[in-house]
Trainee: 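The structure's right below; bear with me while I get my questions together.
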Amino acid sequence: MSHPFPTLESAMTTVVPAPQPVLVPVAGGGTWPVRRVYCVGRNYEEHAKEMGFTGREPPFFFMKPADAVVYVPEGETGEIAYPPGTSNFHFEIELVAAIGIGGANIKAADAMAHVWGYAVGLDMTRRDLQGEMKKQGRPWEIGKGFDESAPIGPIVPAAKAAGATDATIELKVNGAVKQTSTTAKLIWNIAETIEHLSAYWRLEPGDLIYTGTPEGVGAVKPGDLMEGSVAGVGTLKVKVR
């Protein structure tokens, strides 16, 4: 007689291959298990202006799947594919905050104790597809949450990147500077971002927060080399294949 419910043994056996965990190496040893990837939109004033907005609007968020993360070792050059469906593939250099202590409704005054470390990241964007979805009032994950859309360098413990919240952030394309600013110019700083974010989602260890990009975003094409940096955190070199 067959059992109407699965046994414990059968329930623990996956019926398709289980996905591999997404792990990002940590500077100094160990790996970071990526849980969720949150991104903050329009979080530098000049970038907001170049996108057609002004002022300190309430923060808003979007997400990328964990397996969109592409790890690139410090000092090496990684590669990402030019994605399908776009003819306007944009770079956005960002400081990434890594959450080590979870919580909900975290107050800004307590938020920095939840940050384990920092990394340099790229929020790659299919700008034309994002723009078309905006016009239609539809979700725009197709412009943000695609394969290989979140390159990242090693995660640096906060104690070794003490100046990350007031650091020069820069991106070069083929040697020419395209974006340059300081992380002190975030409209919503990291503590305030965590306060807002944790009011709607419970943060957990392993979460990454891409904190926003400064002005100067633009398109890349196959063969272009992007070189991003956040002073005191690291560099990130990515070529488009």
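Atom set for the values below is all heavy atoms of this structure, side chains included, hydrogens, waters and symmetry mates excluded.
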Trainee: Measure across Thr183 and Asp166 and return the closest heavy-atom pair with its distance rounded to 0.1 Å.
Mentor: OG1-N, 3.1 Å
Trainee: Which pairs with one or both residues in residues 147-183 pass ring pair (Phe, Tyr, Trp, His ring centres under 6.0 Å), sequence neighbours excluded?
Mentor: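 For residues 147-183, and leaving out neighbouring residues, there are no ring pair (Phe, Tyr, Trp, His ring centres under 6.0 Å) pairs at all.
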Trainee: Considering only NZ, NE, NH1 and NH2 on the basic side and carboxylate oxygens on the acidic side, decide whether Arg36 and Asp207 come within less than 4.0 Å.
Mentor: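 A salt bridge is absent here (no side-chain N lies under 4.0 Å from a carboxylate O).
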Trainee: Specify the closest pair of heavy atoms between Gly145 and Pro65, including all atoms of both residues, with the distance to one decimal.
Mentor: O-CD, 3.5 Å
Trainee: Sequence neighbours left out, what pairs pass side chain to side chain donor-acceptor pair (under 3.5 Å) with at least one residue falling in residues 102-112?
Mentor: none
Trainee: Considering only residues two or more places apart or on different chains, which pairs with a residue in residues 170-184 satisfy salt bridge (Lys or Arg N to Asp or Glu O under 4.0 Å)?
Mentor: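 Listed by first then second residue: nothing to list.
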Trainee: Restricting to non-hydrogen atoms, name the atom on Ala167 and the atom on Val230 that form the minimum distance, rounded to 0.1 Å.
Mentor: CB-CG1, 3.9 Å
Trainee: Leu236 and Val96: same hydrophobic cluster, using ILVMFWY side-chain contacts below 4.5 Å?
Mentor: no
Trainee: Show the atom names and distances, to 0.1 Å, of all donor-acceptor pairs under 3.5 Å that link a side chain in residues 66-80 to residues at least two apart or in another chain.
Mentor:
from: Glu74; atom 1: OE1; to: Thr235; atom 2: N; distance (Å): 3.2
from: Glu74; atom 1: OE2; to: Thr235; atom 2: N; distance (Å): 3.2
from: Glu74; atom 1: OE2; to: Thr235; atom 2: OG1; distance (Å): 2.7

Trainee: Quick one: hydrophobic cluster around Ile101, which other residues, with the 4.5 Å side-chain cut-off, linked directly or via members?
Mentor: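 Result for Ile101 is none, singleton.
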Trainee: Does anything in residues 18-30 pair up under side chain to side chain donor-acceptor pair (under 3.5 Å), and if so which pairs, sequence neighbours excluded?
Mentor: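 Qualifying pairs, neighbours excluded: none.
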Trainee: Salt-bridge test for Glu132 and Lys134: reply yes if a basic N is under 4.0 Å from a carboxylate O, no otherwise.
Mentor: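 No salt bridge links Glu132 with Lys134.
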Trainee: Any ring pair (Phe, Tyr, Trp, His ring centres under 6.0 Å) involving residues 106-131? Give me the pairs, sequence neighbours left out, ordered by first then second residue.
Mentor: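 Listed by first then second residue: Trp32-Trp116.
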Trainee: Any chance you could measure Glu141, atom CD, to Met63, atom CE, to the nearest 0.5 Å?
Mentor: 9.5 Å
Trainee: Return the minimal non-hydrogen interatomic distance between Ala161 and Val156, and the atom names on each side.
Mentor: CB-CG1, 4.0 Å
Trainee: Are Leu203 and Leu208 connected in a single hydrophobic cluster, I mean Ile/Leu/Val/Met/Phe/Trp/Tyr linked by side-chain heavy atoms less than 4.5 Å apart?
Mentor: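 Hydrophobic grouping puts Leu208 apart from Leu203.
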Trainee: Are Ile99 and Val24 co-members of a hydrophobic cluster defined by side-chain heavy atoms under 4.5 Å apart?
Mentor: no
Trainee: What heavy-atom pair brings Ala119 and Gly153 nearest, and what distance separates the two atoms?
Mentor: CB-O, 3.9 Å
Trainee: Does CG in Asn174 sit with more than 12 non-hydrogen atoms of other residues, nucleotides or ligands closer than 6.0 Å?
Mentor: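 Result for CG/Asn174: enclosed.
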Trainee: Indicate, with yes or no, if Ile93 and Ile155 share a hydrophobic cluster defined by side-chain heavy-atom contacts under 4.5 Å among Ile, Leu, Val, Met, Phe, Trp and Tyr.
Mentor: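 No, no single cluster joins them.
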Trainee: I need the Ser198 OG to Tyr38 OH distance, nearest 0.5 Å.
Mentor: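 Result: 10.0 Å between the selected atoms.
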Trainee: Please, which pairs that meet ring pair (Phe, Tyr, Trp, His ring centres under 6.0 Å) have at least one residue in residues 203-241, sequence neighbours excluded?
Mentor: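 Matches after skipping sequence neighbours: none remain.
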Trainee: Same cluster or not: Val26 versus Val233, using hydrophobic residues (I, L, V, M, F, W, Y) connected whenever any side-chain heavy atoms lie under 4.5 Å apart?
Mentor: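 In one cluster: no.
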Trainee: Hey, are the side chains of Val34 and Leu23 touching, using non-hydrogen atoms and a 4.5 Å cut-off?
Mentor: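 No; the side chains remain at least 4.5 Å from each other.
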Trainee: Given 3.5 Å as the limit, does a donor-acceptor pair link the side chain of Gln130 with the main chain of Gly143, or not?
Mentor: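 Flag not set: sc Gln130 to bb Gly143 has no pair under 3.5 Å.
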Trainee: When rounded to the nearest 0.5 angstrom, what distance separates CD in Glu94 from CD1 in Ile209?
Mentor: 11.5 Å
Trainee: Please examine the side chains of Lys239 and Met226, heavy atoms only from C-beta on, and report whether any two atoms are closer than 4.5 Å.
Mentor: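 Not in contact.
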Trainee: Kindly give the heavy-atom pair with the smallest separation between Lys64 and Ala150, and that separation in Å.
Mentor: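 Looking at all heavy atoms of both residues, the shortest contact is CD-CB, 3.9 Å.
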Trainee: Within this structure, what is the OG1-CG distance for the pair Thr213 and Leu171, rounded to the nearest 0.5 Å?
Mentor: 8.0 Å
Trainee: Apply side-chain hydrogen bond (donor to acceptor under 3.5 Å, both in side chains) to Thr193 and list each qualifying residue two or more places apart in sequence or on a separate chain.
Mentor: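 Thr193 satisfies side-chain hydrogen bond (donor to acceptor under 3.5 Å, both in side chains) with no other residue.
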Trainee: Report yes if some heavy atom in the side chain of Val40 is under 4.5 Å from a heavy atom in the side chain of Trp188; otherwise report no.
Mentor: no
Trainee: Give a yes or no on whether the backbone of Lys144 and the side-chain of Thr125 come within a donor-acceptor separation of less than 3.5 Å.
Mentor: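 Checking the backbone N and O of Lys144 against the side chain of Thr125, no donor-acceptor pair under 3.5 Å is found.
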Trainee: Suppose clustering is done on Ile, Leu, Val, Met, Phe, Trp and Tyr with side-chain heavy atoms closer than 4.5 Å. Which residues sit in the same group as Phe60?
Mentor: Phe62, Leu129, Met133, Trp140, Ile142
Trainee: If only side-chain N and O atoms count, and only distance matters, is there a donor-acceptor pair under 3.5 Å linking Glu215 with Ser181?
Mentor: no
Trainee: When rounded to the nearest 0.5 angstrom, what distance separates CG in Asp123 from NE2 in His90?
Mentor: 12.0 Å
Trainee: Any heavy-atom pair between the side chains of Glu92 and Leu122 that's under 4.5 Å?
Mentor: no
Trainee: Give a yes/no verdict on a cation-pi contact between Arg127 and Phe89, requiring under 6.0 Å between NZ or CZ and the six-membered ring centre and an angle within 45° of the axis.
Mentor: no
Trainee: Restricting to side-chain hydrogen bond (donor to acceptor under 3.5 Å, both in side chains), what partner residues turn up for Thr86, sequence neighbours left out?
Mentor: Asp128
Trainee: Quick one: list whatever passes side-chain hydrogen bond (donor to acceptor under 3.5 Å, both in side chains) with Thr31, sequence neighbours left out.
Mentor: none
Trainee: Can you tell if the side chain of Leu95 reaches within under 4.5 Å of the side chain of Ile190, non-hydrogen atoms only?
Mentor: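 Yes - at least one pair of side-chain heavy atoms lies under 4.5 Å apart.
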Trainee: Using 0.5 Å steps for rounding, measure from the CD1 atom of Ile194 to the OG1 atom of Thr211.
Mentor: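 The distance works out to 10.0 Å.
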Trainee: Quick one: do Glu148 and Arg241 satisfy salt bridge (charged side-chain N to carboxylate O under 4.0 Å, His left out)? Show the steps, please.
Mentor: CA-CA 12 Å; Glu148 300 185 333; Arg241 68 177 186 271; 3.5 Å; yes
